[in-house]
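Beneath this line is the structure, given in structure tokens, with notes to follow.
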Amino acid sequence: MISVEDWALIRRLVADGVPQRQVARDLGISRTTVAAAVASARPPQYRRRSQPTSFAPFEARVRALLAEHPDMPATVIAERVGWVGSITWFREHVRRLRPEHRPVDPADRLTWAAGDAAQCDLWFPPRRIPLEDGTTSLLPVLVIVAAHSRFITARMIPTRRTEDLLLGSWELIRQLGAVPRRLIWDNEPGIGQRGRLAQGVAAFAGTLATRVVQLRPYDPESKGIVERRNGWMETSFMPGRTFTSPTDFNTQLQDWLRTANARVVRTIKAAPVDLIEHDRSRMLPLPPIPLQLGWRERIRLGRDYYVRLAANDYSVDPTAIGRLVDVTADLERVRVRLDGRVIADHARAWARGATITDPAHVETAKLLRHQFQEPRPVPQGDDLTRDLGDYDRAFGIEGVA
């Protein structure tokens, strides 16, 4: 077989008018080879004749197993069919055959009516954020995108617990200025899994008069808008930026979102900021009363005058030791109340395992400890001696010898 270079040279010489016999003589090849090269529209290619491999006897049985169980692991299939050869080579053949036996899952092109839905998701920026105790952490960003207008709202939150997810959702919904009729989530544990909503989520949706929709597995199209926005933030917002704290991250993110929402989206041929008013007009109004969200717990304050919230400890006025106190927290503050009166107010810590102490609480505890350890004074002038005749008169035996 001639090389690709010889094939190209033969075709060029013949095209220039050189006789095929002379080309064969000059190149030292047969005239038949020259004629075949001129007649061939493709360069020569060596093809090895296919021969049956050691996998061939097992292929029918492998196909039968894949037809019934398309996701069966290759190692299990090898065990079922009695394969004793290289497992790596067996995996390659199974990987080749598996797509032919997977069920067909067509993807529809979805349309989103104004005010109908907002897609919700958590995005984890690929960069650690410095925290107040000097450590760094990968923190979640809650992203909500109005499906019709593609208007993006987002905020970094301390945890992916239900309390913080609902607090963040309420803040972003207030930024939208109205309530979408559906909030579309995947199976985020803090929202709910397997068709069951987490505690507090149903009450949150009921107060807003909206509906939380949990997507079934293998349905990426129903949440593709927010997923693409997550990727856009990762490639457009993150590069070249540094952050000093979660607050700094949220400040920079809000500045970037103002620019991002003003850009024209190719699929809708409009900027989200131009469509949000129409989208908002079809949404539900915000509730007239404030929502009772966040961390809420009633505990009895122990001798260690600290309360724990999200793996952090916060000091409380020690005068409340032994009494029931109400602990509440939002995304910014942690407060403790006794009979409705605030006895502790701290900025919420984003780190884990931190101890936040108010110096005034330490001084109060020192004073109370000193008072407890002081011996109690004995009242002066209290004569405890009693006349024995008082007992005789009390028992009616006076004058008895």
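From a predicted model like this one, the values you see are computed outputs, not experimental measurements. Positions are given from 1, in the same order as the sequence printed here.
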Within the 4.5 Å heavy-atom criterion, are Leu131 and Pro246 side-chain neighbours or not? yes

Answer yes when Glu277 and Arg280 have at least one side-chain N-carboxylate O distance shorter than 4.0 Å, and no when they do not. yes

Quick one: CD1 on Ile173 to CH2 on Trp170, what's the gap to the nearest 0.5 Å? 7.0 Å

Leu257 and Thr153, any side-chain heavy atoms less than 4.5 Å apart: no

Report yes or no: does Arg229 contribute a side-chain atom to a donor-acceptor pair with the main-chain N or O of Gly224 at less than 3.5 Å? no

Under 3.5 Å donor-acceptor pairs involving side-chain atoms of residues 135-142, not counting sequence neighbours:
unit_1	atom_1	unit_2	atom_2	d
Thr135	OG1	Asp133	OD1	2.6
Thr135	OG1	Asp133	OD2	3.4

Is a side-chain N or O of Arg150 found less than 3.5 angstrom from the main chain of Leu275, in a donor-acceptor match? no

Could you check if a side-chain atom of Ile276 sits within less than 4.5 angstrom of a side-chain atom of Leu176, using non-hydrogen atoms only? yes

Glu68, CD atom: more than 12 neighbouring heavy atoms under 6.0 Å: no

Just so I know, are the side chains of Thr259 and Arg263 near enough to count as touching, which here means a heavy-atom distance under 4.5 Å? yes

Does atom CZ of Arg127 have more than 12 heavy-atom neighbours, drawn from other residues, nucleotides or ligands, at distances under 6.0 Å? yes

Roughly how far apart are Arg61 CZ and Ile77 CD1, rounded to 0.5 Å? 12.0 Å

Please say whether more than 12 non-hydrogen atoms of neighbouring residues, nucleotides or ligands are located less than 6.0 Å from CZ in Arg196. no

Side-chain contact, heavy-atom cut-off 4.5 Å: Asp121 with Asn230? yes

Pro125 versus Met156, closest heavy-atom pair with distance: CG-CE, 4.3 Å

Pair Trp7-Arg12, side chain to side chain contact (heavy atoms under 4.5 Å, CB included): steps then yes or no: CA-CA 9 Å; Trp7 172 82; Arg12 182 177 62 81; over 6 Å; no

Can you check side chain to side chain contact (heavy atoms under 4.5 Å, CB included) on Thr364 and Leu367, steps first, answer last? CA-CA 5 Å; Thr364 303; Leu367 178 61; 5.8 Å; no

Short side-chain to backbone donor-acceptor contact, Asp358 and Ala344, under 3.5 Å: no

Side-chain heavy atoms of Thr33 within contact of Ser30, under 4.5 Å: yes

Assess whether side chain to side chain contact (heavy atoms under 4.5 Å, CB included) is satisfied between Leu293 and Phe204, documenting all intermediate values. CA-CA 8 Å; Leu293 299 174; Phe204 172 77; 3.8 Å; yes

Restricting to side chain to side chain contact (heavy atoms under 4.5 Å, CB included), what partner residues turn up for Pro19, sequence neighbours left out? Gln22

Verdict with reasoning, Arg296 to Glu163, per salt bridge (charged side-chain N to carboxylate O under 4.0 Å, His left out): CA-CA 9 Å; Arg296 296 180 178 276; Glu163 294 84 355; over 6 Å; no

Report the distance from atom CG of Leu65 to atom CZ of Arg80, rounding to the nearest 0.5 Å. 7.0 Å

Tightest non-hydrogen contact, residues Val179 and Pro287, listed as CG2-CD, 4.5 Å

Under a 4.5 Å cut-off applied to non-hydrogen side-chain atoms, are Leu172 and Arg155 in contact? yes

Rounded distance [0.5 Å steps], CZ in Arg21 versus CG in Asp26: 13.0 Å

Under the salt bridge (charged side-chain N to carboxylate O under 4.0 Å, His left out) rule, collect the residues that match up with Asp164, sequence neighbours excluded. Arg348

Please evaluate residues Glu227 and Trp123 with respect to the criterion side chain to side chain contact (heavy atoms under 4.5 Å, CB included), reporting the C-alpha separation (whole Å), side-chain torsions for both, the decisive distance (0.1 Å), and the verdict. CA-CA 9 Å; Glu227 296 284 359; Trp123 166 53; over 6 Å; no

Regarding Gln252 and Asp248, is there a side-chain donor-to-acceptor distance under 3.5 Å anywhere? yes

Looking at Gln175 and Ile152, would you say the former's side chain and the latter's main chain have a donor-acceptor pair under 3.5 Å? no

Does Asp116 pair with Arg282 as a salt bridge, N-O distance under 4.0 Å? no

Atom pair CZ/OG1 of Phe243 and Thr251 - distance to nearest 0.5 Å: 10.5 Å

With a 6.0 Å cut-off (strictly less than), is the heavy-atom count around CZ of Arg102, excluding the residue itself, greater than 12? yes

Residue pair Asp6 / Ile29, side-chain heavy-atom distance below 4.5 Å: no

Atom OG1 in Thr53, atom CD in Glu59: separation rounded to 0.5 Å? 8.0 Å

Identify the two heavy atoms, one from Ala354 and one from Asn312, that lie closest to each other, and give their separation to 0.1 Å. N-OD1, 2.8 Å

Please work out which of the three classes, parallel, tilted or perpendicular, describes the rings of His361 and His346, given edges at 30° and 60°. perpendicular

Any ring pair (Phe, Tyr, Trp, His ring centres under 6.0 Å) involving residues 253-307? Give me the pairs, sequence neighbours left out, ordered by first then second residue. His148-His278, Trp232-Trp256, Phe237-Trp256

Could you pull out the closest heavy-atom pair between Gly115 and Met283, with the gap in Å? CA-CG, 3.6 Å

Output yes when a side-chain donor or acceptor of Gln214 lies under 3.5 Å from a complementary backbone atom of Gly192, and no otherwise. yes

Are more than 12 heavy atoms from other residues, nucleotides or ligands located less than 6.0 Å from atom CD of Gln199? no

Heavy-atom closest pair (Val273 atom, Ala262 atom, distance to 0.1 Å) is CG1-CA, 3.9 Å

When the side chains of residues 319-329 are checked against the rest of the protein, which donor-acceptor pairs come out under 3.5 Å, sequence neighbours left out?
unit_1	atom_1	unit_2	atom_2	d
Thr319	OG1	Asp317	OD1	3.1
Thr319	OG1	Asp317	OD2	3.2
Arg323	NH2	Asp339	OD2	3.2
Asp326	OD1	Arg298	NE	2.8
Asp326	OD1	Arg298	NH2	3.3
Asp326	OD2	Arg298	NH2	3.1
Thr328	OG1	Arg337	NH1	3.2

Which is it for Arg333 and Asp330 under the salt bridge (charged side-chain N to carboxylate O under 4.0 Å, His left out) test, yes or no, and what are the steps along the way? CA-CA 6 Å; Arg333 309 294 300 180; Asp330 54 22; over 6 Å; no

Would a distance-only check, ignoring hydrogens and angles, find a side-chain to backbone donor-acceptor pair under 3.5 Å from Gln119 to Val226? yes

Using only atom types and a distance under 3.5 Å, with no angle test, would you say the side chain of Tyr314 pairs donor to acceptor with the backbone of Ala349? yes

Can you pull the ring pair (Phe, Tyr, Trp, His ring centres under 6.0 Å) pairs that have at least one residue in residues 51-75, sequence neighbours excluded? Phe55-Phe90, Phe55-His93, Phe58-Trp83

Strictly distance-based, threshold 3.5 Å: is any side-chain N or O of Ser169 a donor or acceptor partner for the main-chain N or O of Leu165? yes

Derivation and outcome, side-chain hydrogen bond (donor to acceptor under 3.5 Å, both in side chains), residues Glu132 and Trp350: CA-CA 7 Å; Glu132 57 275 326; Trp350 290 64; 5.3 Å; no

